[in-house]
Amino acid sequence: MIDPVVLRENPDVLRRSQEARGAAVSLVDDAIEADLARRAALSTFEELRAEQNVFSKKVGQAAGDEKKALLAEVQQLSAKVKDASAVVVEVEAAYDIAVRKIANPVLDGVPAGGEEKFVTLREVGTIPTFDFEPRDHLELGEMLGAIDIARGTKVSGARFYFLRGIGARLELALMNMALDRALEAGFIPLITPTLVRPEIMEGTGFLGEHADEIYYLPADDLYLTGTSEVALAGYHSDEILDMTGGPLRYAGWSTCYRREAGSGGKDTRGIIRVHQFNKLEMFVYTTPDEAETEHQRLVAWQEGMLQSLGLSYRVIDVAAGDLGSSAARKFDIEAWVPTQDAFRELTSTSNCTTYQARRLDTRYRGENGKTTPVATLNGTLATTRWLVAILETHQQADGSVIVPEALRPYLGGLEVMTPLAPLTPSTPVTA
RNA sequence: GGAGUCGUCGCAUAGUUCGGCCUAGUGCACCACCCUGCUAAGGUGGAGAACUCGUAAGGGUUCCGAGGGUUCAAAUCCCUCCGACUCCGCCA
């Protein structure tokens with residue numbers, strides 16, 4: 001939710017942001033109007049209510065005829081209060097709707113425009129070259145007995161898979177490595193619920209733009225989360241946090257579920273885009289003036305992971321039009337995927353400033369002792385998708401894959417993953 | 001799933017019988033000052049969350065798990081929901 005003070009005193013900030021996002025500028029004026037209507041109704045109600053309170057007190061003290069007379073008088077007033085109160089409810093609901101339509105104002109420097117207007121901040125690492133025809137991650141995964149799509153589909157349908165053998169181990173190794181990095185950086189590990197109540201899903205803003213991406217269980221009125229960000233953001237909802245010890249950093253591990261509606265036909269091969277995967281997510285609560293610095297730290301931790309894994313990548317500053325409504329700025333890191341001849345997103349980190357915290361009512365006590373919303377940030381530290389880049393980048397001609405050094409301690413020192421069967425690309429995985 | 005007990009301003013509690021004296025009291029913790037030769041005790045005062053009116057000083061309104069209802073008036077009565085605990089049942 002946007003800052004109502006900004007709406008009142010500095011609406012141009014919001015107008016410029018809406019413009020950059022390619023969203024409707026008129027929403028700002030709608031909200032201003034709704035705010036005025038709301039405050040007017042509130043004043044009317046409160047004055048009547050104050051009057052009624054005085055009367056009620058008198059009634060309580062009076063007796064006999066005097067009481068009867070007072071009662072007759074106050075009854076009309078009571079009706080008026082009721083009406084005024086109904087108006088307030090109505091007008092506040094309208095205000096709420098109007099204000100929630102406005103996205104978080106983007107930070108200075110965020111490139112304006114749609115998805116393709118992103119700015120590449122840097123490219124790191126050398127793009128791998130091969131003196132043989134590189135295999136894609138699925139072919140490698142099948143040779144290694146690491147990925148079993150056929151059986152995933154048999155059991156659960158399209159976009160499901162089994163990670164098996166070295167594949168299963170590799171994912172756990174990756175997650176553990178990421179967790180160790182997070183611990184070094186002072187994060188508190190958290191294994192989060194993946195089913196959440198509607199108000200939490202709503203509060204994190206996912207029910208708006210991502211509504212049809214989300215699995216819903218009607219029998220229990222619960223949503224399956226597409227990222228542990230949801231639970232991590234809800235963790236401190238309705239709380240006043242102590243920020244004197246610096247930022248509160250959490251590393252949330254969870255399985256993530258996404259319907260991938262609307263991405264039909266895209267990335268149908270392998271495990272690039274799937275309904276279920278695992279992710280270690282960083283989530284930070286901090287003061288608003290620290291948020292941008294923290295955002296840079298999150299990117300640095302992400303880059304540290306990718307570098308340790310020997311991946312080449314680029315960092316992009318995502319364009320305003322491609323930001324979620326909660327994010328004021330977002331950096332994506334995309335790793336080079338050799339067989340696609342392209343960079344593919346492996347991480348994303350958003351600075352949500354106070355927007356998300358306002359919705360979830362997460363505050364801290366500022367210098368003057370007043371409570372004020374915190375800033376929240378989130379970012380990926382590892383996901384299943386990373387296996388794609390790792391396998392393809394470090395493959396050798398015989399279909400074996402070199403284990404990046406940083407991962408070896410997590411795989412009992414294993415240096416190379418070797419194919420199960422002789423080289424026949426279509427070799428089915430056998431049990 | 002069944003039966004029962006319960007949910008009060010950071011923590012702990014009073015208040016709910018029988019609606020108005022609740023402007024929600026008290027203890028602990030907290031902040032400021034005073035006193036005191038000292039990591040203590042005592043004294044005085046302050047202090048919940050949110051919205052809103054006002055340049056300000058200072059007002060007003062709301063909040064007793066959440067939401068409705070009854071009433072001139074609800075922490076208190078009624079309904080629904082959420083949560084905690086206890087016992088029973090079931091269980092990959």
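Here is the naming used below: chain letters follow the sequence lines, and residue numbers restart at 1 for every chain. Values below: all heavy atoms of this structure, side chains included; hydrogens, waters and symmetry mates excluded.
For the pair R151(A) and F162(A), the NZ or CZ position fails the cation-pi test of under 6.0 Å to the six-membered ring centre and within 45 degrees of the ring normal.
When the P atom of G20(B) is taken as reference, atom NZ of K57(A) falls 12 Å away, rounded to whole Å. The distance from atom CD of Q76(A) to atom P of A73(B) is 14 Å, rounded to the nearest whole Å. Atom CZ in R49(A) sits roughly 7 Å away from atom P in C63(B) (whole-Å rounding). Atom CZ in R8(A) sits about 11 Å away from atom P in G54(B), given to the nearest Å. What separates CG of L48(A) from C1' of A73(B) is a distance of 16 Å, to the nearest Å. Taking atom CD on Q52(A) and atom P on G60(B), their separation rounds to 16 Å, with Å as the unit. Separating the CD atom of E239(A) from the P atom of A50(B) is a distance of 14 Å, rounded to the nearest angstrom. Rounded to whole angstrom, the span from the CD1 atom of I240(A) across to the C1' atom of A47(B) amounts to 14 Å.
The C1' atoms of C53(B) and C11(B) are separated by 35 Å, rounded to the nearest whole Å. As rounded to the nearest Å, C82(B) and G67(B) have C1' atoms that lie 10 Å from one another. For the C1' atom pair drawn from A29(B) and C21(B), the interatomic distance equals 31 Å after rounding to whole Å. Here the separation of A56(B) from G42(B), taken at their P atoms, is 41 Å to the nearest Å. Nucleotides U23(B) and A73(B) place their P atoms 15 Å apart, quoted to the nearest Å. The gap from the C1' atom of C72(B) to that of G10(B) amounts to 37 Å, rounded to the nearest Å. Nucleotides G7(B) and A66(B) have their P atoms positioned 13 Å apart, rounded to a whole Å. Comparing C63(B) with A74(B), their C1' atoms are spaced 13 Å from each other, to the whole Å.
In this structure, R365(A) does not reach the C31(B) phosphate: none of its side-chain N or O atoms is under 4.0 Å from OP1 or OP2. For R38(A), no side-chain nitrogen or oxygen approaches OP1 or OP2 of C51(B) to under 4.0 Å. One finds no side-chain N or O of R363(A) lying less than 4.0 angstrom from the OP1 or OP2 phosphate oxygen of A49(B). OP1 or OP2 of C53(B) has at least one side-chain nitrogen or oxygen of R39(A) nearer than 4.0 Å. A close approach under 4.0 Å does not occur between any side-chain nitrogen or oxygen of K58(A) and OP1 or OP2 of G20(B). Residue Q75(A) has a polar side-chain atom (N or O) positioned under 4.0 Å from OP1 or OP2 of C72(B). Between N53(A) and the phosphate of A73(B), there is no side-chain N or O to OP1/OP2 separation shorter than 4.0 Å.
Salt-bridge formation is not detected for the pair R16(A)/D12(A): no Lys NZ or Arg NE/NH1/NH2 atom is positioned less than 4.0 Å from an Asp or Glu carboxylate oxygen.
Checked options T354(A), T353(A), D3(A); the residue passing with N104(A) is T353(A) (criterion: side-chain hydrogen bond (donor to acceptor under 3.5 Å, both in side chains)).
Across all strands shown, U86(B) is found opposite A3(B) as a Watson-Crick or G-U wobble partner, with both distances under 3.5 Å. Across all strands shown, U36(B) has no partner, as no Watson-Crick or G-U wobble contact with both distances under 3.5 Å is found. Across every strand in view, U80(B) sits in a pair with A66(B) that passes the Watson-Crick or G-U test at under 3.5 angstrom. Across all strands shown, C18(B) remains unpaired; no Watson-Crick or G-U wobble contact has both distances below 3.5 Å. When both distances must be under 3.5 Å, the Watson-Crick or G-U wobble mate of C28(B) is G10(B).
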Please evaluate residues R135(A) and E392(A) with respect to the criterion salt bridge (Lys or Arg N to Asp or Glu O under 4.0 Å), reporting the C-alpha separation (whole Å), side-chain torsions for both, the decisive distance (0.1 Å), and the verdict.
CA-CA 7 Å; R135(A) 299 177 171 86; E392(A) 292 202 15; over 6 Å; no
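In this structure, the salt bridge (Lys or Arg N to Asp or Glu O under 4.0 Å) partners of R363(A), at least two apart in sequence or on a different chain, are D361(A).
Nearest-nucleotide assignment on RNA chain B puts the 5′-proximal partner with T371(A), out of T371(A) and A50(A). Residues S56(A) and D35(A) both approach RNA chain B. Their nearest nucleotides, taken by heavy-atom distance, put S56(A) toward the 5′ side.
Among the heavy atoms of the strands, none lies under 4.0 Å from E47(A).
Closest of all the heavy-atom pairs between R249(A) and R297(A) is NH2-NH1, 3.5 Å.
For the residue pair E171(A)/T384(A), the side-chain donor-acceptor check at 3.5 Å is satisfied.
At a non-hydrogen distance threshold of 4.0 Å, S78(A), K82(A) from residues 78-92 of chain A come into contact with RNA chain B.
No more than 12 heavy atoms of other residues, nucleotides or ligands shown are found within 6.0 angstrom of CD on E90(A).
In this structure, CD1 in I333(A) is found 8.5 Å from OG1 in T349(A), a value given to the nearest 0.5 Å.
For T192(A) (side chain) and S228(A) (main-chain N/O), no donor-acceptor pair under 3.5 Å exists by modelled atom type.
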